[in-house]
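Notes follow the structure.
For ligands, and for the atoms within them, numbers begin at 1 and follow the listed sequence.
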Amino acid sequence: MSSRSAHVSVVVPTFNESRNVAELTRRLGEALLGFEWEVIFVDDNSPDGTYDVVKALAVENPRVRCIRRVNRRGLSGACIEGILSSAAPYVAVMDADLQHDETILPEMFGRLERDEADIVVGSRLVEGGSSEAGFSAGRAFASSFAIRLASFMIGAKVSDLMSGFFAMKRERFETIAPNLTTSGFKILLDILATASPPLRASEVGYKFRTRFAGESKFDLRAMSDFFGLLVHKVSRGLIPPRFVMFALVGGTGVFVHLISLRLCLGLAGIAFVWAQTLATVVAMTWNFFINNMLTYSNAKLHGGRAFLGLLQFYAVCGIGAIPNIGVANWLFGMNNSWWLAALAGIIIGTVWNYTMSSLFVWRRAD
Ligand code: GDD
Ligand code: MN
């Protein structure tokens, strides 16, 4: 134990990780022997009382600190606050569940100290790295697809852009922090896409392990969130991340519409106009519930409010059909290209639906 201030700081976001934090702290002590280190757990008021366990560890070990956040959720936001609470020149972020290999931390910090890089990423995808153990096949595929797409879009020279395991110079982080988003799992992508001048990045491979205890919080929402941020950054802030999500949900609605239409037409003696009407209602209902779950998850409507919201959503989309058809018709009259006209109509309609839904249906979404 020492009275010197920390030289390296490890920030660990936690949500229901009470059974992992003691083991992680013990392993950090072994891995960082010889460093002036500290670990900062940032816990979002976990129902399993992770913060209590961390505070008990802190009583024994002054290298351990705990930030307990109340009424807030978000992996990225937790990392940001943890890093900003530190005064150490070098900071790392890692999972609490022991999936990230703490033994590469000295190498990561070493590269920063020798000024070989501004950010060092623990990677499952470079030489020496792997993720067979920790991931299901579906998850591995989705992850590698998202990473490829993201590297292509932001031109980053990091192979594991979804990694939640990295170390960087705190000074560089401090300057970009105000421009980062606080929700979801995409902090590394966000940091790399936001930093200007770009960060010099380097990677250290490691074997992604299976979770020690507890369960993963990574879900469909975390994934779509990642995609939304990507488009937001590539469009230089023009397209809001939530709009991307809304439009994607709209895309799935088209399929739902077509399938329902086909099924309705199979019903004996139904007129096309009724089948089309029914399919439209089914698709709008689908869009409403998926948006309620994913796009506006932070302003989710329940029970009677959800029912009212559904009716409002029907109204918004119904009115949205007017600018949609109006613009399409106007463009078609000008240049006779049916698909261009339809596309413009769909875009205008989607922008309308999104704007009005955000204003009236999910009013509490920030
Ligand atoms: N404070 C806080 N708030 N912590 C959170 C929250 C939250 O809302 N959500 C998750 N965490 C913590 C978890 O407790 C864990 O320590 C860490 O963030 C990562 O969450 P996991 O639930 O373990 O994610 P994963 O292992 O499935 O996801 C892995 O792959 C992602 C991308 O492929 C991790 O390596 C992630 O870091 C990575 O981004
Ligand atoms: Mn994990």
Between [X] and ligand 1, find which residue part has any heavy-atom pair under 4.0 Å and reply side chain, backbone, both or neither.
| X | result |
| --- | --- |
| R124 | side chain |
| A78 | side chain |
| F165 | neither |
| R69 | neither |
| V12 | neither |
| E17 | side chain |

Selection from V21, D95, D219, L75 by shortest heavy-atom distance to atom 34 (C) of ligand 1: D95
Closest to atom 35 (O) of ligand 1 (heavy atoms only, candidates H100, E81, K217) is H100
Within-cut-off N or O pair, [X] and ligand 1, under 3.5 Å:
| X | answer |
| --- | --- |
| D43 | no |
| G74 | yes |
| S163 | no |
| D97 | yes |

Quick one: do [X] and [Y] end up in the same hydrophobic cluster if we chain Ile, Leu, Val, Met, Phe, Trp and Tyr together by side-chain heavy atoms under 4.5 Å apart?
| X | Y | answer |
| --- | --- | --- |
| Y296 | Y314 | yes |
| L98 | F15 | no |
| W362 | L359 | yes |

Does K186 have a heavy atom less than 4.0 Å from any atom of ligand 1?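 Under 4.0 Å: no for K186.
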Enumerated ligand 1 atoms positioned under 4.0 Å from heavy atoms of [X]:
| X | answer |
| --- | --- |
| V42 | 1 (N) |
| F15 | 4 (N), 5 (C), 6 (C), 14 (O) |
| S216 | 22 (O), 24 (O), 25 (P), 27 (O) |
| A96 | 16 (O) |
| T14 | 1 (N), 2 (C), 4 (N), 14 (O) |
| R211 | 21 (P), 22 (O), 23 (O) |

Is the distance from the Mn ion (ligand 2) to the nearest N/O/S atom of S216 under 2.8 Å?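 For S216, the answer is no, given that no N, O or S atom comes within less than 2.8 Å of the Mn ion (ligand 2).
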Please step through salt bridge (Lys or Arg N to Asp or Glu O under 4.0 Å) for the pair R209 and D97, ending with a clear verdict. CA-CA 9 Å; R209 299 185 289 224; D97 54 16; over 6 Å; no
With a 6.0 Å cut-off (strictly less than), is the heavy-atom count around [atom1] of [X], excluding the residue itself, greater than 12?
| X | atom1 | value |
| --- | --- | --- |
| E171 | CD | no |
| R26 | CZ | yes |
| R114 | CZ | yes |

Are the charged groups of D225 and K186 less than 4.0 angstrom apart, N to O?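 A salt bridge is present here (some side-chain N lies under 4.0 Å from a carboxylate O).
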Checking E17 against T50 for the side chain to side chain donor-acceptor pair (under 3.5 Å) test, could you report, in this order, the C-alpha distance in whole Å, the side-chain angles of both residues, the deciding distance, and whether it holds? CA-CA 6 Å; E17 304 285 3; T50 305; over 6 Å; no
Can you tell which of R68, R73, R69 makes a side chain to side chain donor-acceptor pair (under 3.5 Å) with N45? R68
Could you identify the N, O or S atom of D97 positioned closest to the Mn ion (ligand 2)?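 Nearest N/O/S atom: OD2.
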As a test of reading the structure, name the N/O/S atom of D95 that is nearest the Mn ion (ligand 2).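 Among the N, O or S atoms of D95, the one closest to the Mn ion (ligand 2) is OD2.
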On the six-membered ring of F212, is R27 placed so that its NZ or CZ lies under 6.0 angstrom from the centre and within 45° of the ring axis? yes
Parallel, tilted or perpendicular: ring planes of F208 versus H100, cut at 30 and 60 degrees: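 It falls in the tilted class, 30° to 60°.
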Could you check whether any side-chain N or O of N20 sits under 3.5 Å from a backbone N or O of A213, counting only pairs where one atom can act as donor and the other as acceptor?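 Confirmed, N20 side chain pairs with A213 backbone.
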